Amino acid sequence: MSPHEMRERIAETSPRPRARITGVVYLFYFLTAISAETFVGHGRLALYDSVTLIGDAFYIAVTLLFYFMFKPVNRGLSLLAALLSLMGCAKEILGLFHIAPYKFPTLVFFGPYCLLIGYLIFRSAFLPRILGVLMMFAGLGWLIFMLPLASPLSSYLKVLGFLAEASLMLWLMVMGVNEQRWQEQACAAGG
């Protein structure tokens, strides 16, 4: 199947199943990320890097799925969010191979990404606003996490980020999106 045919097939799928697929892919990301940190660990570097690379592939897929989900809300902000996430994933992947050009935390990308996704959720008519608020708090938390003085808060900030993203993932898997409202926003946005 060509990439063009695949895009057309995805476009034909209704938004609720696409949202649920996004939730499942998000779950796969969570499972691989948690497995890398908890079960594999940094002691087995080759296996850790392999599992982390798989997790990055899932996050890239989630990023692209979110782009298409939130494009009707605001095409430009959805694109900016996707670019930030893809740059963060690229930095992570290059870091695994020790060829990252700069040494800075990937949260520089993922903090603003979560803020933008939270804003897009909040502005959307097809997901609960509380999920957007949680994601915005998570994005702010990831940015605070990078500050040297945030060390005493690091555990709380990690829990906040996990809860926000896990809540979004679970909502998407179980409920999907309000299909009628998504269609209305897509029509109003012209596609």
Side-chain angles (χ1 to χ4, degrees), residues 1-11 13 15 18-37 48-124 127 131-132 134-143 145-146 158 161-162 164-166 168-169 172-173 177 182 186 189 191:
M1 181 179 296
S2 75
H4 178 69
E5 291 172 331
M6 186 175 284
R7 277 192 300 267
E8 284 181 3
R9 189 171 257 186
I10 289 171
T13 308
R18 277 188 280 160
R20 288 188 170 144
I21 290 168
T22 303
V24 169
V25 174
Y26 215 168
L27 174 65
F28 289 154
Y29 161 73
F30 268 98
L31 293 175
T32 55
I34 290 169
S35 295
E37 293 298 325
Y48 176 84
D49 287 352
S50 298
V51 173
T52 301
L53 193 58
I54 293 167
D56 288 333
F58 283 129
Y59 208 80
I60 289 168
V62 168
T63 297
L64 297 174
L65 289 165
F66 275 164
Y67 167 72
F68 289 108
M69 181 185 299
F70 296 114
K71 193 166 86 167
V73 179
N74 186 313
R75 174 178 264 167
L77 286 180
S78 187
L79 179 61
L80 177 60
L83 290 174
L84 285 167
S85 180
L86 292 173
M87 289 177 2
C89 290
K91 165 80 170 65
E92 286 270 323
I93 293 167
L94 291 173
L96 288 175
F97 296 103
H98 308 290
I99 54 174
Y102 302 105
K103 302 278 186 208
F104 55 84
T106 55
L107 292 178
V108 166
F109 299 112
F110 292 124
Y113 172 70
C114 287
L115 277 168
L116 288 171
I117 291 297
Y119 176 77
L120 290 166
I121 292 169
F122 190 82
R123 291 289 311 224
S124 78
L127 286 170
L131 294 174
L134 285 171
M135 286 298 288
M136 286 188 280
F137 277 132
L140 187 60
W142 292 135
L143 292 174
F145 186 80
M146 291 186 300
K158 287 178 185 177
F162 177 80
E165 292 197 59
L168 177 57
M169 173 204 58
L172 291 172
M173 281 183 10
V177 296
W182 189 92

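Quick caveat, the model's predicted, so the values are computed rather than measured.
Contact record, Val73 with Ser124: CG2-CB, 3.7 Å, taken as the closest heavy-atom pair. Of all heavy-atom pairs spanning Ile121 and Gly132, the tightest one is CG2-N, 3.3 Å. Nearest heavy atom pair, residue Pro105 against residue Met146, reads CG-SD, 3.6 Å. Here the closest heavy-atom approach between residue Met135 and residue Ile117 is recorded as CE-CG2, 4.2 Å. Here the shortest heavy-atom pairing between Thr106 and Gly88 reads CG2-O, 3.8 Å. The two atoms that bring Ala138 and Cys114 nearest to each other are C-CB, 4.5 Å, heavy atoms only.
Of the options Leu116, Leu65, Leu127, a side-chain contact (heavy atoms from CB on, under 4.5 Å) to Phe70 is made by Leu127 and by none of the others.
Phe110 contributes atom CZ, which lies 5.5 Å from atom CD of Glu92 (distance to the nearest 0.5 angstrom). The line from CZ of Phe162 to CE of Met169 is 7.0 Å long, rounded to the nearest 0.5 Å. The structure places CZ of Phe109 at 8.0 Å from NZ of Lys91, a figure rounded to the nearest 0.5 Å. Rounding to the nearest 0.5 angstrom, the gap separating the CE atom in Met173 from the CG atom in Leu168 is 11.5 Å.
Counting heavy-atom neighbours within 6.0 Å of Phe30 CZ, excluding the residue itself, gives a total above 12. In this structure, Phe104 places its CZ atom where more than 12 heavy-atom neighbours from other residues, nucleotides or ligands lie under 6.0 Å away. In this structure, Arg123 places its CZ atom where only 12 or fewer heavy-atom neighbours from other residues, nucleotides or ligands lie under 6.0 Å away.
For Thr32, the side-chain contact (heavy atoms from CB on, under 4.5 Å) partners at least two apart in sequence or on another chain are Val51, Ile54, Phe58. By the ring pair (Phe, Tyr, Trp, His ring centres under 6.0 Å) test, Phe97 is found to be paired with no residue, residues two or more places apart in sequence or in another chain being considered.
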Do any side-chain atoms of residues 77-86 form donor-acceptor pairs under 3.5 angstrom with protein atoms, and if so which ones, sequence neighbours left out?
from	atom 1	to	atom 2	distance (Å)
Ser78	OG	Tyr67	O	2.9
Ser85	OG	Thr63	OG1	2.6

**OP:** Give the intermediate values and the outcome of side-chain contact (heavy atoms from CB on, under 4.5 Å) for residues Val25 and Leu64.
**Re:** CA-CA 11 Å; Val25 174; Leu64 297 174; over 6 Å; no

Original post:
Please walk me through it: do Asp49 and Leu53 pass side-chain contact (heavy atoms from CB on, under 4.5 Å)?
Top reply: CA-CA 6 Å; Asp49 287 352; Leu53 193 58; over 6 Å; no

**OP:** Begin with the C-alpha distance, continue with both residues' side-chain angles, and end with the deciding distance and a verdict on side-chain contact (heavy atoms from CB on, under 4.5 Å) for Leu115 and Tyr119.
**Re:** CA-CA 6 Å; Leu115 277 168; Tyr119 176 77; over 6 Å; no

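Tyr29 and Tyr26 have tilted rings, their planes meeting at an angle from 30° to 60° on a 0 to 90° scale. Using the six-membered ring where Trp is involved, Trp142 and Phe145 have ring planes that are perpendicular, over 60° apart on the 30 and 60° scheme.
Using a 4.5 Å cut-off on side-chain heavy atoms (C-beta onward), Tyr102 and Val108 make no contact.
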